[in-house]
Amino acid sequence: MSNNIETAKFRPEICTDENLVYRKPSTLLPEPFHYCPGCGHSTVHKIFMEVVEEMGIENEIIGVAPVGCSVFAYHYMGVDMQQAAHGRACAVATGIKRVQPDKYVFSYQGDGDLAAIGTGETIHAANRGENILVIFINNGIYGMTSGQMAPTTLEGMVSTTSPHGRDVKTQGYPLKMSEFIAPLPGVAYVTRQSVHKPANVRKAKKALRQALEYQKQGLGFCLVEIVTNCPSNWRMTPAQANQYIEEKMLAFYKLGDIKVPEVK
Amino acid sequence: MGEIKLMKGNEALAEAMIRAGCDAYFGYPITPQSEVLEYLSKDATQRTGMVVLQAESEVAAINMIYGAAACGRRVMTTSSSPGISLMQEGLSYIASAELPCVLTNVVRGGPGLGTIQPSQADYFQAVKGGGHGDYRLIVLAPSSVQEMVDFVRLSFDLAEKYRNPVMILADGAIGQMMEKVELFDQMPRKTEFPDWATTGKPKDKERRYITSLHIQPEKMEEINKHLQAKYKQIEKDEVRYEAFNLDDAEYILTGYGLGARICRKAMDILREKGYKVGLIRPITLFPFPKKVYKEVADKVKGILDVEMNSGQMVEDVKLSVCGKTRVEYYGRMGGMIPSPEEIVENFEKLFIKGEA
């Protein structure tokens, strides 16, 4: 933002619409992200707010940010937001949507929130076919509490509570929530995306837009899972973390649509 | 005169909820209050368009309440003791985020799964906070089916006036018994919502967000100070109680809800026997009517506190009289209801025969 202002001050002649190649969406607040360098949250926040801007629905959307690194999403997303208790985003979103069925409602949840403590709320909101969008950020680790094992941590993956690598015999198996809920009749759309490469960012953005279009049509529960990283708690550089996504995470969490609405 | 009906406490509460223009009810079945959800499921939505949803758990229900209350709607849930325990985390968030809502605890005997019989064992939980952090609910204790009706409307008004959760602390007997009630007329549902409500960012105005998270301790202390100031104001302006025969009283019986009703009968028996006994019945348990106890403390020989628990409100009575008069407790626990005769017997034992 400040760079744009500086440029505009000294080179006003080049600040024209036809020269514009990149700008922050108006729906993203002018706050610096607190997320770690290389973290996928910032990218997902940005593309989702671009979708909201492009659809022109910033006055008709309410979001829910439950506990996790992205509990602060309301500092960045310039729309009406509610912070929720850990795991309860789908219940809170249900409350919002049921009293305001004409508004768009989304939740933005991490893997611990959605797939561990909030599994019940997630499954039942999906099963009721709540007409909401759930953005599910899967990085296989608890980020906010500094790197403990998540329900989605890969077999053998090291975390502070699986320091010898996740032992599936005693610590359970990584949970594929998207595949788990897709068969439920109330679920309209489930897709798994990533934001570790520009091409994937574009696809993820398209999926988010698609999900909101489905919500507009009243088709039911939509889940967009985004496989992403946690360089700080994976103890990797951002580049290494994105390499790990490519080689390990995506080998287990396959990208692509898992369920799409039937064309009538 | 409103419509007169013979109704069960739980059903009267549900009917009052519909008539108070409630926008949404989220609940989960549990004895002895399942009639609320059943009654609302019949035709509440057809009558007023209100949302009625059976949640997958009390945990989910209270968080649905959070979401809908944060949209500025009139929302309510009901449960009974174990279910209310499950709601405590959500209630703490609701109190912190200052969301108006109403919940009813149709109390049953505990601890644990306990019994489905009536009890007052959740007084501490209701009145002292219940969940984590420094917060208070406004707590109203009905002692009749009529008050199950009247307190619904009052609770919504108080919740909205103070942006605070309000609990109607009933018990299994009040919920289950049938009495004559006068119902108020159907009120319209709200069409305008407060500025803080997340109804979608208004055009040309700041967006809103509802949160209970303030990482900076300086900020969180400010929030706490603000809440405490609000509770002080509530203590100043919203105390409600009933008192009988205080003028000539040498002794006081005190109790709330069903306990107070039994005390009234006990008071009549004791008066017939020649003892000058009065009765104080707190209607608001928070704010607690400290002043009236303080005032009688100088004049009476003793106060007998009667509860359907091991003696919880008695602590507040003692704090109110500050050692100025003798305070004794008598009660039954685990779903047992004391009889007026038992109260009389224990009154005489404690205060007249001096067997303490």
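All chains are named by letter (A, B, ...) in the order of the sequence lines, taking the proteins before the strands, and each is independently numbered beginning at 1.
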Requested in this report: Select one option (side chain, backbone, both, neither) describing which atoms of A197(B) are under 4.5 Å from chain A's heavy atoms.
Outcome: backbone
Query raised in the report: So how far is it from I62(A) CD1 to T199(B) OG1, rounded to the nearest 0.5 Å?
Result: 6.5 Å
Query raised in the report: Would you find more than 12 non-hydrogen atoms of other residues, nucleotides or ligands less than 6.0 Å from L29(A) atom CG?
Result: yes
Requested in this report: Apply side chain to side chain contact (heavy atoms under 4.5 Å, CB included) to I62(B) and R88(A), showing your working.
Outcome: CA-CA 10 Å; I62(B) 195 67; R88(A) 313 302 169 220; over 6 Å; no
Query raised in the report: Which residues in residues 125-135 of chain A have any heavy atom lying under 4.5 Å from a heavy atom of chain B?
Result: R128(A), E130(A)
Query raised in the report: Counting heavy-atom pairs under 4.5 Å to chain A, which of A97(B), A60(B), G67(B), A61(B) comes out on top?
Result: G67(B)
Query - Side chain / backbone / both / neither for Y104(A) at chain B, heavy atoms under 4.5 Å - result: neither
Report task. Can you tell which part of I65(B) gets under 4.5 Å to a heavy atom of chain A, answering side chain, backbone, both or neither? Result -> neither
Report summary line: Checked G49(B), A24(B), A68(B) vs chain A; the most non-hydrogen pairs under 4.5 Å come from A68(B)
Query raised in the report: Where on I123(A) is there a heavy atom nearer than 4.5 Å to chain B: the side chain, the backbone, both, or neither?
Result: neither
Query - Closest contact, heavy atoms only, L213(B) versus V71(A) - result: CD2-CG1, 3.6 Å
Report task. Select one option (side chain, backbone, both, neither) describing which atoms of S212(B) are under 4.5 Å from chain A's heavy atoms. Result -> both
Query raised in the report: How close do T94(A) and L53(B) get, heavy atom to heavy atom, and via which atoms?
Result: CG2-CD2, 3.7 Å
Query raised in the report: By a 4.5 Å heavy-atom criterion (distance strictly below it), what part of I215(B) contacts chain A: side chain, backbone, both, or neither?
Result: side chain
Query - Enclosure of Q46(B) CD (heavy-atom neighbours >12, cutoff 6.0 Å) - result: yes
Query raised in the report: Does atom NZ of K219(B) have more than 12 heavy-atom neighbours from other groups under 6.0 Å away?
Result: no
**Report entry** Donor-acceptor pair, side chain of R207(B) and main chain of T27(A), under 3.5 angstrom
**Finding:** no
Requested in this report: Check whether I61(A) gets within reach of chain B through its side chain, its backbone, both or neither, counting any heavy atom under 4.5 Å.
Outcome: backbone
Query raised in the report: In terms of heavy-atom contacts, does CZ of F180(A) have more than 12 from other residues, nucleotides or ligands at under 6.0 Å?
Result: no
Report task. Taking atom CD of E221(B) as the centre, report whether more than 12 heavy atoms of other residues, nucleotides or ligands fall under 6.0 Å from it. Result -> no
Query raised in the report: Got more than 12 heavy atoms from elsewhere within 6.0 Å of NZ, K216(A)?
Result: no
Report summary line: When the 4.5 angstrom heavy-atom criterion is applied to Y66(B) and chain A, the contacting part is both
Report task. Go through the atoms of A85(A) and report whether side chain, backbone, both or neither lie under 4.5 Å from a heavy atom of chain B. Result -> both
Query raised in the report: Aromatic rings Y209(B) and H75(A): how do their planes relate, parallel, tilted or perpendicular, breaks at 30° and 60°?
Result: perpendicular
Query raised in the report: Is the count of non-hydrogen atoms from other residues, nucleotides or ligands lying under 6.0 Å from D102(A) atom CG greater than 12?
Result: yes
Query - R208(B), part contacting chain A, at a heavy-atom distance under 4.5 Å - result: both
Query raised in the report: What residue among R98(A), K103(A), Q82(A) forms side chain to side chain contact (heavy atoms under 4.5 Å, CB included) with C71(B)?
Result: Q82(A)
Requested in this report: To the nearest 0.5 angstrom, please state how far the NE2 atom of H214(B) sits from the CD atom of Q83(A).
Outcome: 8.0 Å
Query - Best-contacting candidate, V67(A), I96(A), N59(A), V99(A), against chain B by heavy atom pairs under 4.5 angstrom - result: N59(A)
